[in-house]
Amino acid sequence: MAVVSPKTVVIVPTYNERDNLPVLAGLLADLPVPNLHLLVVDDNSPDGTGEVADKLAAGAPDTVGVLHRGAKDGLGRAYLAGMTRALDEGADIVVQMDADLSHPASAIPALIDALLTKNAAAVIGSRYVAGGSTASDWPWSRRALSAWANIYVNAILRLRLKDATAGFKAWRAETLRAIDLNSVHSNGYSFQVEMNYRAFKRGFTILEVPIRFEERGQGASKMSLGVQLESALTPWKLRFGGKRS
């Protein structure tokens, strides 16, 4: 009897990524990962990213899907919408990654392999474990902010993760179902922290594999002051929020 490969859905939220998205789609299509699917979650990008995604889906309807949302509503809400659809459509593994080419698509096989062979509930593509690194052209201010954010999150939530704020991850479908996606509150980059914390609190094992994090391909960062404030407050809300976490 032929072995059926697990259905892997890569969720990519987009907002003004029309130049990066086709490049990323090509990189994913070239991966030696059977039954790999791309789900683009576009927040009504004014630069036409949604139309680019539709063209990609028209050219590969069996492996590319698009979820259009009416407005820019935050990274967390985009991921939750994508994860919900992926689970509804039978995903066994869900990978989350950015559209800006900062996350190396070439590392996806390693994330999936660790997920399947090491009894992990989730696997993080980590900048800060042995063998991981960040782009050499990252300014010192971003390096300092990233390092401090991880120290801050781990000090409050005791996650014992080297890269607790990372956004490049592979999840087992059953882990996402156990987390109860409908009750996740965070919306910005702190969404990554809340998802880790929910898995940790349920006793799940989260592993980290090294990646090289690159500077984004084109376009601008979406890190606003509001997102930074939410990221600072969320660990405290999770730690002392009782049933909310």
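Note that the coordinates shown come from a computational prediction; the quantities given were computed from them, not determined experimentally.
- Of all heavy-atom pairs spanning A130 and P210, the tightest one is O-CB, 3.5 Å.
- For the pair R18 and D47, the salt-bridge criterion is not met [side-chain N within less than 4.0 Å of a carboxylate O].
- Scanning all heavy atoms of the two residues, the minimum distance from L38 to A25 falls at CD2-CB, 4.0 Å.
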Worked verdict on V95 versus V9 for side-chain contact (heavy atoms from CB on, under 4.5 Å): CA-CA 6 Å; V95 176; V9 178; over 6 Å; no
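- Checking D54 against H68 by side-chain atom types alone, a donor-acceptor pair falls below 3.5 Å.
- How far CG of N20 is from CG of L101: 4.5 Å, rounded to the nearest 0.5 Å.
- Side-chain atoms of M195 and V184, non-hydrogen and from C-beta on, do get closer than 4.5 Å to each other.
- Inter-residue side-chain proximity for N35 and T8 is flagged as unmet; no heavy-atom pair is nearer than 4.5 Å.
- The minimum heavy-atom distance linking S45 with Y15 is given by the pair OG-CA, 3.1 Å.
- Note that K162 lies outside the cation-pi zone of Y128, set by a 6.0 Å cut-off to the ring centre and a 45° limit from the axis.
- No side-chain donor-acceptor contact under 3.5 Å links T175 to the backbone of W171.
- Using a distance-only test at 3.5 Å, with no hydrogens or angles considered, no donor-acceptor pair links the side chain of D43 to the main chain of A78.
- Under 3.5 Å, the side chains of T49 and D42 contain no donor-acceptor pair of N or O atoms.
- Two residues are said to be in side-chain contact when any heavy atoms from C-beta on lie closer than 4.5 Å; V41 and T14 fail this criterion.
- Shown here is N119, whose CG atom has no more than 12 heavy atoms of other residues, nucleotides or ligands within 6.0 Å.
- With rounding to the nearest 0.5 angstrom, the OG1 atom of T165 is 11.0 Å from the CD1 atom of I151.
- Side-chain atoms of Y79 come within 3.5 Å of backbone N or O of M97 as a donor-acceptor pair.
- I206 places a side-chain heavy atom less than 4.5 Å from the side chain of I124.
- Atom CZ of R202 and atom CG of D180 lie 7.0 Å apart (nearest 0.5 Å).
- Between L31 atom CG and S106 atom OG the span is 7.5 Å, to the nearest 0.5 Å.
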Residues L87, L181; criterion side-chain contact (heavy atoms from CB on, under 4.5 Å); working and verdict: CA-CA 11 Å; L87 294 177; L181 298 177; 4.0 Å; yes
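- Summarising the geometry of A114 relative to L207, their closest heavy-atom pair is O-CD1, 4.3 Å, with the distance given to 0.1 Å.
- Counting only distance, with no hydrogens or angles, the side chain of E194 and the backbone of H185 share a donor-acceptor pair below 3.5 Å.
- Remark: the backbone N or O of R77 is paired with a side-chain donor or acceptor of N187 at under 3.5 angstrom.
- H37 places a side-chain N or O within 3.5 Å of a backbone atom of D62 that can act as its donor or acceptor partner.
- A single hydrophobic cluster is seen to contain both V193 and Y152, as judged by linkage of ILVMFWY side chains at heavy-atom distances under 4.5 Å, directly or through other members.
- Counting only heavy atoms from C-beta outward, the side chains of R160 and F200 approach each other to under 4.5 Å.
- Counting only distance, with no hydrogens or angles, the side chain of R177 and the backbone of R172 share no donor-acceptor pair below 3.5 Å.
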Trace of the side-chain contact (heavy atoms from CB on, under 4.5 Å) decision for D19 with V23: CA-CA 7 Å; D19 294 323; V23 177; over 6 Å; no
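- Remark: L24 CG to H103 NE2 distance equals 11.0 Å, nearest 0.5 Å.
- Counting heavy atoms from C-beta outward, K169 and E208 have side chains that stay 4.5 Å or more apart.
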Intermediate values then yes/no, side-chain contact (heavy atoms from CB on, under 4.5 Å), N44 and R69: CA-CA 6 Å; N44 197 25; R69 302 203 307 156; over 6 Å; no
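- Atom CG of L176 and atom CD of Q96 lie 8.5 Å apart (nearest 0.5 Å).
- Contact check for I93 versus K7: no side-chain heavy atoms found under the 4.5 Å cut-off.
- Hydrophobic cluster membership differs between L36 and V66, with clusters built from Ile, Leu, Val, Met, Phe, Trp and Tyr side chains linked at under 4.5 angstrom.
- Judged purely by atom type and a 3.5 angstrom limit, N196 uses its side chain to pair as donor or acceptor with the backbone of A164.
- A salt bridge links R127 with D163: at least one charged nitrogen is closer than 4.0 Å to a carboxylate oxygen.
- Linking Ile, Leu, Val, Met, Phe, Trp and Tyr whenever their side-chain heavy atoms come within less than 4.5 Å leaves V129 and W148 in two separate clusters.
- Residues satisfying the salt bridge (charged side-chain N to carboxylate O under 4.0 Å, His left out) test with E51, not counting sequence neighbours, are none.
- Remark: side-chain polar atoms of D113 are not paired, donor with acceptor, to backbone N or O of P109 under 3.5 angstrom.
- A donor-acceptor pair shorter than 3.5 Å can be found between the side chains of S183 and R198.
- Side-chain atoms of V94 and V10, non-hydrogen and from C-beta on, never get closer than 4.5 Å to each other.
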